[in-house]
Amino acid sequence: MADKSLPQLLASYRERKHLLALLKEIQEVYGYLPGEFIPEIARSLGLPVAEVYGVGTFYSFLSARLQGRNVIRVCKSAPCWLKNCELIVETLKRELGIGPGETTRDGRFSLQLTNCIGACDQAPAMMINDTTYVDLTPEKIPEILGGYK
Amino acid sequence: MITVQLNGSEVQGRPGMTILELAQENGIDIPTLCYRSELNPIGACRICSVEVEGARTLVASCHTPIAPGMAIHTHSPKVLQARKSIVELLLASHPDACLVCDKANLCELRKLAADLGVGLPRFRIRKRYYPLEDVSPYIVRDLTKCILCQRCVRACREIKKQDVFAIAYRGFDSKVVVDQDQPLDKEVCRDCDVCISFCPVGALTKREEALVPKKGIPLIMKG
Amino acid sequence: MPEKRIVLKNCGVIDPRDINTYLGQDGFKALAKARTELTPEQVIAEIKGSGLRGRGGAGFPAGLKWELARNAPGTEKYVICNADEGEVGTFKDRYILGRDPFSLIEAMAIAGYAIGSQTGYIYLRAEYYYLLNLLQNAIAQAQEGGFLKGLVIEICEGAGFYVCGEETALMDSIEGRRGEVRFRPPFPPTQGLWGKPTIINNVETLINIPQIILNGAEWFNHIGTERSKGTKVFSISGDVERPGVYELVMGSPLRELVEELALARDVKLVQVGGAAGRVLPYQEIDTPLAFETVLGAGAVIVFNESRDVIDIVFRTMEFFAEECCGKCTPCRLGTEAMIEILAKFVQGSGSKEDLTVLEDTARMMQLTSLCGLGQTAPNAVVDTLQYFPDLYQARISKSEVP
C-alpha cells in the first residue's frame, strides 16, 4: 500500500470539521503527527497553527512523537486490573524490552497503558492497532506479537 | 420582565440576562475569575457558582440565564464553602512567589483568597513549572503562574481578532500555547497589550515593566 | 424479576451482516408504521408516553428531548447516536452494535422523521474501530433497501478520550475540535452541533425506539418501576464467574444480577455505573437497579473480599485525572488533589485533616464542576467514606497525635 503524501491527504479533507479525521489518518500513515505538517494543515484548513496543535495534543490516539509500526494498548482499568493485567504488562515489558510509553529500537512496537477499551467481560484485554485481544495470559503474548512485523 | 428571588428579595431582570448580571445590577458582588464582561463566557473557573433552589448542583452565574421564579443564593454557606475550596486548589497549584511577583496586590487570585479567607492550602499538589518566556520584545510570559482562565486566549481572539494563543494538551497538563508550544514571539504583539491587561495573575507582563521593582497599589488598612 | 429481552431481542438471532434476517424479525416495520400511520408529533407522543429515559447515564426523558428539538426553529437539525461508551466496565453498546446494527439504524431513521432531520451521525469510539465496517455495511444495506430516504447517516470516529462521551464534548469532537465540554444552557436540542438543534441518544436508548413504536407506549410503560420504564442492559465484570451482558427489567435487585446471573461469591463491594457510579457495600446488595436508586450506564463491577477498598478508590481517581479535559478548575485540580491525598491513604500515611480535605474537595467537585465527569468523579470517594470509614481511619498515620 503506497503511503499517501501530505498534499494528497490535505486534498481529501477540505473542511474545518475534517481536522480530527485528517489528523487521525496522518497518524495512521506516518505513525505520528510530524511537526512540519502542522502549519501546512493549518494553512489548508484556514486555522491558526496553535489550534491545530491543540487538537493534535488532545486525543490519546494522536501523538506528536513517532510511534512504532504497531501500537499496543494494554487496558489497566478496574475490570482488567482485577484480572491481573499487571502480569500482561510485565510479560510485554520482558518480551519487548521496553516500558509503557516507549518504542522498541527497531520501531516495531510501542507500548502504552490505556483506560477501559470495553472488553471487560473478557479481561484482561489489550489492543494492537485496531485489533482487540482478550482473555490474555502471559503464554499467549509471544504468539500474538509474532503476528506483527 | 422576569421576576426572581435574589438572596431572599424579589427582583426583576430582563430576559436573556445572566444571574451574574442581575446580581451586579442589584449591587451584589459575586466573585469571578475567567469571566470578563467584554468577553464571551466559558464557565471554566467556576468561582462565580451560586445556589439555585431545586437545582442538583450549583450553577455558574456568568453563563446561566435567569428564569422566572428562580430562587438564587449568591452567598449561602454551601456556595462560600465551594468557592473557598476552588481557591484553595488554585493556590495549591500556584507558585509561592507572591512576594516577588510583579502583579503584587493587583493579583485577582490574591484578592479572592483574601476576600474568602483562604490561607495556606491544607494539601500539596503538583505545580506546573515552565521556563520563563522572555524572547518577545513586547510581552513576557510566565506560565508557571497561569491559572488557565483563558482570558488571554479570548481577548486576543475576540477583541484583537488575532489568534496568537490556543489551549493544548489535556487535563492537568493543559496549557495556553503559541503555535506548536513555542515561546511567545509574535510581531502582531507590537503595540498591543490587550492580553496583558486581561491576565488576572502575573502570567503576562509588559516587557519593559517585567523584572523591575513591583508597583502594586498601596495597602491601606480598612476601618 | 426475570431477564427480559427488548433491547437484546435480535442479538444472536439475526445475522448482523444481512438485512434480510433483520427484516424477518419485523425489521423496519416500526419505521414504516411511523412514516405511514403517525405524524412526527405522534411519534414523539409515543416516546414521551412510554416513559423511556436515556440509557447513557443521565436518564433524561427521551421523548422530551425529541420534542424540544422538533419544536426548535430551523430546518437543519441533527440526530446523533452516542456510541462512545468509555465508562469503565461498560461494554453493552459494543455487544449490541456488533449483533444488531440494524435496529440502531431504524431507530435513527425514526428519530430523523420525528424531529425533522436529514443528517445523522454515529459517534463511534476509536477503540471500537473494528465495528466500523459492520456498521457501514448495515447503513449501506438499509440505504439500498430504501429505508433511509431523506436521511444520511455518517459514522464519525473518536480519537480516544473518555470525556467525548459527554454530549457537548462529543459535538465539539464531531466538529473537529478539542472535545471540551460546553456549558449549558443552551442545551443541544435547541443549540447543538454547529449551533443547530440536535438530539444525542445512547445506543441502547435508540434500540428501544422501534419496539416502542411497534408495541405502543402503553406496553412499554407497564414494564419497570414508576420512574424507570422498560429494561436495562447491564455490563457486569470483575470478580464474577460469568461476566457479560444481561438485560433485566428496571427495578430488579442488584443481587439477581450479581449473584444469580453473574455468579459472584464473597462480594465486598459493587461499583454500579462504572468509575463515575456509586459504590455499594455487600449489605446493599438488594438495592433495586433503577433511576430512582442506582443505575448509571449499567456498568457493574464486582470486587470480592480480597480487594483493598482504598486501592480501588485511588485507581478510580487516577482514571478521572487522566480523562479530565482540563477546562474547569474543580475537575482539573480537584482530581489531582484527591490523587495526592488518596496516595497517602494507600501508603498508610493519611491524616485527619486529609479526610476533611477529601470531603470538602469531593463536595465542591460534585457541586461546581462544569460537566458530569467532574461532578461524578468523587462518587467513589464519597461513598466509601460513608460505607467504609474505618478503612480510612486505619490508614491514618500512627505517628499522628490523637
Side-chain angles (χ1 to χ4, degrees), chain A residues 13-28 33 41 45 47 50-63 71 73 75-83 85 112-135, chain C residues 85-95 125-130 132 156-164 172-180 193-194 235-240 242-245 262 271 274-275 299 301-304 306-307 311-312 315-316 318-320 322-323 325-326:
Chain A
Y13 296 96
R14 303 294 323 170
E15 288 175 64
R16 171 72 181 83
K17 67 168 178 175
H18 294 146
L19 175 59
L20 185 52
L22 169 62
L23 293 176
K24 270 195 86 172
E25 188 160 354
I26 293 174
Q27 176 79 38
E28 215 165 285
L33 306 176
I41 296 166
L45 296 176
L47 294 169
E51 193 170 337
V52 175
Y53 186 77
V55 174
T57 54
F58 188 71
Y59 295 94
S60 66
F61 275 53
L62 304 176
S63 165
V71 180
R73 294 184 171 88
C75 178
K76 66 177 172 72
S77 289
C80 282
W81 169 60
L82 294 177
K83 299 290 175 192
C85 64
Q112 294 177 8
L113 301 182
T114 186
N115 283 317
C116 193
I117 57 173
C120 329
D121 49 341
Q122 305 159 78
M126 69 176 182
M127 298 179 72
I128 301 185
N129 306 331
D130 300 326
T131 310
T132 303
Y133 294 91
V134 297
D135 294 319
Chain C
E85 62 172 353
E87 188 52 63
V88 175
T90 315
F91 46 89
K92 62 172 179 80
D93 292 343
R94 178 208 84 205
Y95 184 93
R125 68 183 304 213
E127 291 83 349
Y128 290 175
Y129 178 81
Y130 54 89
L132 182 68
C156 190
E157 283 176 70
F161 211 152
Y162 171 78
V163 78
C164 291
D172 269 16
S173 187
I174 292 181
E175 292 178 11
R177 301 170 196 278
R178 293 163 60 82
E180 281 182 0
L193 193 62
W194 291 294
S235 324
I236 184 164
S237 63
D239 293 323
V240 298
R242 288 208 325 212
V245 169
Q271 211 169 13
I301 310 170
V302 180
F303 299 85
N304 69 24
S306 73
R307 308 298 179 181
D311 224 11
I312 296 166
R315 286 177 159 268
T316 302
E318 249 187 347
F319 167 79
F320 281 108
E322 286 167 9
E323 300 296 333
C325 81

Practice task
Let me know if C:Tyr95 has heavy atoms under 4.5 Å from chain A in its side chain, its backbone, both or neither.
Solution key: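 Contact with chain A involves no heavy atom of C:Tyr95 at all.
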
Practice task
Hey, could you give me the CG/CZ distance between A:Asp121 and C:Arg242, rounded to the nearest 0.5 Å?
Solution key: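 Answer rounded to 0.5 Å: 13.0 Å.
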
Check whether any side-chain heavy atom of [X] lies under 4.5 Å from a side-chain heavy atom of [Y], and answer yes or no.
| X | Y | answer |
| --- | --- | --- |
| A:Lys17 | C:Trp194 | yes |
| A:Thr132 | C:Tyr130 | yes |
| C:Asp311 | A:Trp81 | yes |
| A:Leu20 | C:Ser173 | yes |

Practice task
Please state whether the rings of A:Tyr59 and C:Phe161 are parallel, tilted or perpendicular, taking 30° and 60° as the class boundaries.
Solution key: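 Aromatic pair A:Tyr59/C:Phe161 classed perpendicular.
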
Where on [X] is there a heavy atom nearer than 4.5 Å to chain C: the side chain, the backbone, both, or neither?
| X | value |
| --- | --- |
| A:Ala123 | neither |
| A:Gln27 | neither |
| A:Glu15 | neither |
| A:Ala21 | neither |

Handout entry: Most contacts with chain A, counted as non-hydrogen pairs under 4.5 angstrom, among C:Glu127, C:Glu175, C:Arg178
Key =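 Most heavy-atom pairs within the cutoff with chain A belong to C:Arg178.
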
Practice task
Sort out for me which residue in A:Cys80, A:Cys116, A:Pro79 forms a side chain to side chain contact (heavy atoms under 4.5 Å, CB included) with C:Ser237.
Solution key: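 For C:Ser237, the side chain to side chain contact (heavy atoms under 4.5 Å, CB included) check succeeds only for A:Pro79.
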
Problem - side chain to side chain contact (heavy atoms under 4.5 Å, CB included) assessment of C:Ile301 paired with A:Leu82 - result: CA-CA 10 Å; C:Ile301 310 170; A:Leu82 294 177; 4.1 Å; yes

